[in-house]
Structures are given as structure tokens and as C-alpha cells.
Amino acid sequence: MAVADFIISLLTFISIYSLFGIGLNLKFGFTGLIDFGHVAYFMIGAYVTVVLTMPAGAAGYSGIGGFALPAIFSALGPLGSLFGWILGVLGGMIAAAIVSLAVGIPTLRLREDYLAITALGIATILTTVVNDEEWLFNGPFGINTVHSPLRDVFPVSVGSFTLNMVVFGALSIAVFAFTGYWLVRVFQRQGRRGKLILGVLVPLIAVWYFVLPTLSGGMVELTRNTLWLFDPTAGPNGGIDYDRFILLVSVAALGGGYWLTERTINSPYGRILRSIREDEDVPRALGKETFQYKLQALMLGSALAGAAGALWAINIGFIAPDQFAATITFYAFTAVIVGGTANNKGVILGTAFFWGIRNGTRFIDVPSQYSIQLAAARLMLIGLVLILILYYRPEGLLGEQDYDIPLPSRNTSGGTDDV
Amino acid sequence: MSEQDTPSSKPDATETNSRATGGCGDPILRIQGVTKQFGGITALDGVDLTVDPGITGLIGPNGAGKTTLFNCLTGFHKPDDGQISLYETDITGKEPPTIAQQGMVRTFQIPRELADMTVFENLLLAPMNQHGERLLASWVRGEQFVEEEQTIRDRAREIAAFFELDHLLNEPAGSLSGGQRKLLEIARALLTDPDIVLLDEPLAGVNPTLEQKILSRIEDLVEDGYSFLLIEHDIDLIMDNCERVVVMHQGAVLTTGPPEEVQSDERVIEAYLGGDNV
Ligand SMILES: Nc1ncnc2c1ncn2[C@@H]1O[C@H](COP(=O)(O)OP(=O)(O)OP(=O)(O)O)[C@@H](O)[C@H]1O
Ligand SMILES: [Mg+2]
């Protein structure tokens, strides 16, 4: 497997978990709601989307559904069936939001720590129910008939092998160019320590990605890693394969979730959410119905987790209750805290950091008798890094983000509309 | 905006409040037999009081129950007994946001600034029923969203300048000094456009020049029809600025009346002003 393929699966993973983490950040980082049951909405999003989109009477499945939404719209061609899948995802998000509403109404009126404990309990109960009640979603056997949107359209080829290579290669290089440009800008804005960290980290990653594979695999590997969007083995003429498509979908979904959350936070609405986090009595004294806002933040964060769950399902192609253990919630908390609580960019950074360490260390070759030790060492490494970060930067790598409500500048005032 | 000079004056004063009648009409607040106990302590022991428009002083020794009364009036504590009505509407046991929406807003004795938010954001939070406070409006951002936010920023800047906080707008509120936090409390309460403001020792720790400035601002606002209930330990300040004074002692109202009358009341002297020179 070329490094590019590994990176694609890692990036897909990071995008999905970042979306999940952004949902958690909306609850925890911005509103101060400690939801230890966040993974429940991930699970609900995954299950409801899968059941809404898969065909009825699938082999080996004895639960409710499926409802075959894509098939209903497939008369309209591939886009129709894609639309059906999107409806399914919306269904999964709404289901997650509704369940969180049911959890929130009794708990959000209580002190905040009650939510934390109750949510953890409810999440565990939900996973147990899905696991034990086979009539519901097939119990412990899970569902392997996950509908994959646009599956038969891929691999997409635009013509001859050369043309494919040129088109997708150009796109790949464009992404590198953009990343490079962005890195330079980030580098310029850093202080001395940030410059040092970036100056060491980025070349290391570049060596690992470009130089090491070339040394072992030659120019073929270098080409595959550079033109990463182009898969020469996809179809007769090469092209873009389904894994890469899922990566693009996941990145787009993350982008959408990020945009929506930023918009929510950078508004009078977001001001209320943050005031609740700071001291709920203040907005209450000022006439804000904080209970409604807490409910909405919980529902919106859960809906984002639900969307992440839907993507998880198509990425893995199989869902089962044991994929949704409570540890997933705590991984997300770790990512949010490492990256910077109440910072959406920090969530993405923290998630990349966490899953980079967890999955990246798979490449370390050890004799097989040490593989268990390596798995344990990996968790210890994450724990160590977490402690170091919390000791030296308690606010996380990036710290809380800045807020701004951009308004069209007026000619009357001096344009000092900064918040 | 035509009302730049008084940022807190309501552009759309509703018919329901009595401000239109010029301030000498019905009482704003009617408090009947309000009782509140904390375990064995009776903090409020049947408080009976009516608060008329204008500026009313509330005095009494430490532990008299003044703050507890504020907490009961604004819904932060549920009274064990008794009834409270605001403009003839029963508000007993209502939630704080509901009471604030009905026009009664309070400040906290110990300032409660939102420490990690900027001073500006602390102020921008205050105005009620902002269009952008709805989720969909925050996504869509129509014209109303933009215009309201502009107006609110102008008002917040103006009031920050008045309270001499304008150079600190972009600082986190947690970095303010003790006195500045008190000022932020008052500014925030005024920005909600209330009918009546309950001020819990708002001027403790504020420098005398600014104190005079704030008091004259309060007087201006009273002219505009706003009302204030003011807890204060500085007797001279109360006597100079209040139209009526309420004296509390051991959880009950000892006496009410014009400043001169109260000042010469023997029970007041005994309970509060003098102690042993009966
Ligand atoms: N939340 C509470 N729990 C228990 N006791 C309380 C509580 N709040 C107030 N008390 C008690 O009620 C009594 C009245 O307190 P309150 O704060 O109303 O006094 P105050 O008149 O505002 O005094 P000060 O001038 O010192 O602010 C005190 O004896 C106090 O100990
Ligand atoms: Mg008090």
C-alpha cells in the first residue's frame, strides 16, 4: 500500500472524527455542556442513515427497514439516488437531535454535572439496547448492507490513462500548492516557538511522505504519493477511486459543519451560548431563556455527530454496536482539549494529532510478539502528550478562538467594527 | 438614531408600562408578605412594600435581607410565602428571564462579569430580543441582523464611554478592576432597556467623580421614566439622591418614607444609624 493510500484513509478518519469533535465542541467548548454520551448520537446517525438508505429484506438482516430511500429516487439517475442518500443522512441527523432533546429536557434543568453523568448512562443504555434487541437493528451482528452513495459511478475516469493522470495529477498538485501556501502563512504568523515546531515537524512529515517511500519503492512510489488523487489501479485507464471520493465527501461535510458552527458561534446567538458557559445566571438576569439555548446547542451538536456517524458507516461499510463504545466520546474530548477548547480549528488539529499518533505508529515495524506492547505504548504516548500539553499549555495547542461578527463597514464610522 | 444622547431610552416604549403616565401613577412593584428561609435562618420575614416610580433607596444593616429580597424579586430565589407583582402582573415564583423580559432587571452585589468574554461582548449580550439571537437568523444574516448589530454596537460603545470603559472594550472582562466590574454590571443592566433596575450596592468602590456622574445619569433616566431600587450603605448618598427610602431590618421592612422623615425615625437610628445612642 502506498503511503498515499494510508494517508487517504487517515485523512478520511480525521475528517469524520473532526466533524464529530466539532459537534462536541459546540456543546462543551462553547456552551459548557459536558456531554459524556456524545457517541450515542454518532451511533444513532449511523444506524438511522443506514436503515433509511439500505434496501428492504437484505440478506442476513432481521431488524426494521430498510427503507431504500436512494432506490426510490434512482429513477432520476445517480444524482437522484445521491439525493435519496442525503435525505437518509438528514434523517439520521434529525433522529440524533430528537434523542438528544429527550435527554436534554430532564437533565439540562439540573446542575451541569448531572448532564455529564446522565448522558453517559443513557449512551450506555442505548448501545446496550441496540446490541441486545435484534429485532431493532440486527443486534450484535451489525449491518453489512450499508448503502454506498454513487458506488457504481466509481472509479471515475475522464478518458485515456494519460489524460486521467494529467487531470487528477493536476488536482493533487493544486492541493499540495494550497497546503504549502497555507503553511507558509501560518508559519509567518507564529511566534518563535511555533516557528520552531512547524520548522521541525513539516520537513519531518515531508521526508516521511516523499523521501522514505522513494528510497524503498523508487519513482513509482514517489509518483503515486505526489499525484495522490490519481489511482492507476482504478479501472482500465486509472482514475479516481471510491476511497478518494469518500475522503472528498468527508472533507466537504467537515467544511460544511465547520462553517455552520462558526456562523452559529460568531453571532448574538453564539454570545448567549458562551455567556451560559461563563455564568448562566448572567444571561438569565438579562432576560435570555438559557434553557432553550442549551437544548438547541445540544441538538445541533448531536446532529453534527449524527452526520459524522453516517459518514463513518459508508467509510467502513459495516456498522455494529461495539464500534460505538464510550471511549469514542473520550477520544473526542481528548482531541478537543488538546487542540484548544472552544476552538474549531483546534478540534481539527487535536483530532489529527490524536489519530495521527494512534494510527501513524502502525508503521513502526516491530516483531509480532511485541505488537501488544506497541498498542499499549501508543496509548501511553497519547497520555504522556496529553499531560505535557495540559501542563505547558492548559488552554490547549491553539487556545480559545477569537470571535468576530463581520458587518459591512459603514462610511460614517472609522470601520472599527471589531468585537 | 435620534436618541443617541440617552442610549438606554426605549425607542418603542410599550403601552403596558406606566412610563407614559409621567411616573406618579400606580406603584411599579407590590410586595406582600414575602418570606424566605434558609434552613434555620429567616432571611425575609413577611416583607410588605410598594415601590413607586422614581428612585427608591433600600438601606439596612448587613444581613438585613436586602440582597435576598432582590433575589426573590428577580426569580433567583423562590419565596416560601407571599406575593410579588410587577405592574399588577403576578410574578411570584417566575423564572429570572421571564421577569427580566417583563422589565425588571437587577445587578449583582458581587459583580458577575463573563470573564473570558471581552468587555464589549459583555455589553453586546445585554440588549433584549435581538434578531440575531435566533439560530436561523444567525445563519441567514439578513438586513435586520446587520442593522440591529450595528445599532447595538453603537449603544454599547456609547455606554462604555460613559462608564469610562471604552479603552477596555476588547479586553477580557476578567481583567477588569473591582470597581470597573461594578460599572460593567450597571452598564449591562441599563442596556437591557428595563422599566425598573434593582441596583445592589452599585457604587461601592467607584471613585467619587464617576459616582456623581453615574448618579446624575440615573437622575436623567428617572426623568425619562425609568425607575430604580438602590441598595446602598452610604446614608448621605441615599439621603441626597432618593425620593423615598426603605429601611430593612432583620428580614422585615422597618419603615418607609421620604429621606428626612426616615433619618429622624428613632427605630431607624437604633437599628442602623446609631446603634447604642438611643
Ligand atoms: N443562599 C443563602 N443560603 C443561606 N443563607 C443565606 C443565603 N442568602 C442569604 N442568606 C442569609 O440571609 C440573611 C440575609 O442576607 P442578605 O444577603 O439578604 O443580606 P443583605 O441585607 O444583602 O446584607 P449586606 O448588606 O451585607 O449585603 C443572612 O443572614 C444570610 O446569611
Ligand atoms: Mg447584600
Side-chain angles (χ1 to χ4, degrees), chain A residues 26 29-30 32 109 256 259-293 295-297 299-300 303 341-342 395 399-410 412-419, chain B residues 74-76 95-108 111-118 120-122 124-141 145-150 152-154 156-157 169-170 172-174 185 188-189 191-194 198:
Chain A
L26 187 65
F30 296 113
R109 288 197 195 273
W259 180 84
L260 198 67
T261 316
E262 282 293 307
R263 198 122 169 134
T264 308
I265 286 309
N266 289 294
S267 72
Y269 185 90
R271 279 200 293 257
I272 296 183
L273 295 190
R274 284 188 293 132
S275 72
I276 293 172
R277 178 193 69 189
E278 298 286 298
D279 181 350
E280 191 179 347
D281 279 346
V282 171
R284 274 158 63 80
L286 298 170
K288 319 293 182 194
E289 296 279 356
T290 54
F291 180 65
Q292 304 294 334
Y293 285 90
L295 265 188
Q296 289 172 16
M299 290 171 73
L300 188 57
T341 307
E395 72 279 22
E400 180 161 3
Q401 69 185 64
D402 295 327
Y403 303 92
D404 180 29
I405 305 176
L407 296 182
S409 62
R410 289 169 301 178
T412 46
S413 86
T416 48
D417 280 341
D418 49 324
V419 181
Chain B
T74 51
F76 282 89
E95 291 291 314
T98 315
I99 294 171
Q101 291 274 347
Q102 291 188 7
M104 179 157 65
V105 168
R106 58 93 55 89
T107 66
F108 294 99
R112 299 177 81 159
E113 72 288 345
L114 305 164
D116 283 346
M117 294 168 72
T118 63
F120 203 19
E121 285 178 312
N122 267 265
L124 294 172
L125 176 74
M128 280 200 212
N129 302 323
Q130 301 176 30
H131 181 68
E133 285 177 352
R134 274 166 290 168
L135 187 56
L136 271 182
S138 82
W139 291 349
V140 176
R141 312 214 160 175
F145 178 100
V146 173
E147 274 171 21
E148 260 196 39
E149 184 68 14
Q150 299 276 27
I152 289 168
R153 283 183 193 185
D154 289 342
R157 283 204 193 90
L169 279 180
N170 291 321
E185 277 280 328
R188 222 165 41 186
L191 276 170
T192 61
D193 259 337
L198 312 186

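Model, not experiment: these values are computed from the prediction. Throughout, a chain's letter reflects where its sequence line sits, starting with A, and its residues are numbered from 1.
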* Structure fact -> Here the ring-ring contact (aromatic ring centres under 6.0 Å, His included) pairs for residues 269-289 of chain A, sequence neighbours left out, are A:Y269-A:Y293
* **Closest non-hydrogen atom pair between B:S138 and A:T264, with its separation** => OG-CA, 4.1 Å
* Asked: Hey, is B:E149 close enough to A:R271 for a salt bridge, meaning N to O under 4.0 Å?
  -> yes
* **Atom pair CD (B:Q130) and NZ (A:K288), whose distance is rounded to the nearest 0.5 Å** => 5.0 Å
* Heavy-atom distance under 4.5 Å between the side chains of B:P97 and A:R284, does that happen here? -> yes
* Closest non-hydrogen atom pair, A:N266 against B:R141 -> O-NH2, 2.6 Å
* Asked: What pairs with B:F108 under ring-ring contact (aromatic ring centres under 6.0 Å, His included), at least two apart in sequence or on another chain?
  -> B:F76
* Non-hydrogen side-chain atoms of A:Y403 and B:T118 separated by less than 4.5 Å -> no
* To do: Pick one of side chain, backbone, both or neither for A:L300, based on which atoms fall under 4.5 Å of a heavy atom in chain B.
  => side chain
* Residue part contacting chain A, namely of B:Q102, when any heavy atom lies under 4.5 Å -> neither
* Nearest atoms (heavy-atom pairs only) where B:A100 meets A:A285 -> CB-O, 3.4 Å
* With respect to chain A, which residue among B:V105, B:T107, B:L125 yields the maximal number of heavy-atom pairs within a distance under 4.5 Å? -> B:L125
* Between CD of A:E289 and CD of B:E133, what distance do you get to the nearest 0.5 Å? -> 11.0 Å
* To do: Answer yes or no: is there a donor N or O on one side and an acceptor on the other, between the side chain of A:E278 and the main chain of B:D116, under 3.5 Å?
  => yes
* Asked: So do the side chains of B:R188 and A:L286 get within less than 4.5 Å of each other, counting heavy atoms only?
  -> yes
* Asked: Any side-chain heavy-atom pair from A:S267 and B:W139 closer than 4.5 angstrom?
  -> no
* **Value rounded to 0.5 Å, distance of CD in A:E400 from CE in B:M117** => 9.0 Å
* Any chance you could measure A:L407, atom CG, to B:E148, atom CD, to the nearest 0.5 Å? => 11.5 Å
* Are any of the side-chain heavy atoms of A:P408 and B:V146 separated by less than 4.5 Å? -> yes
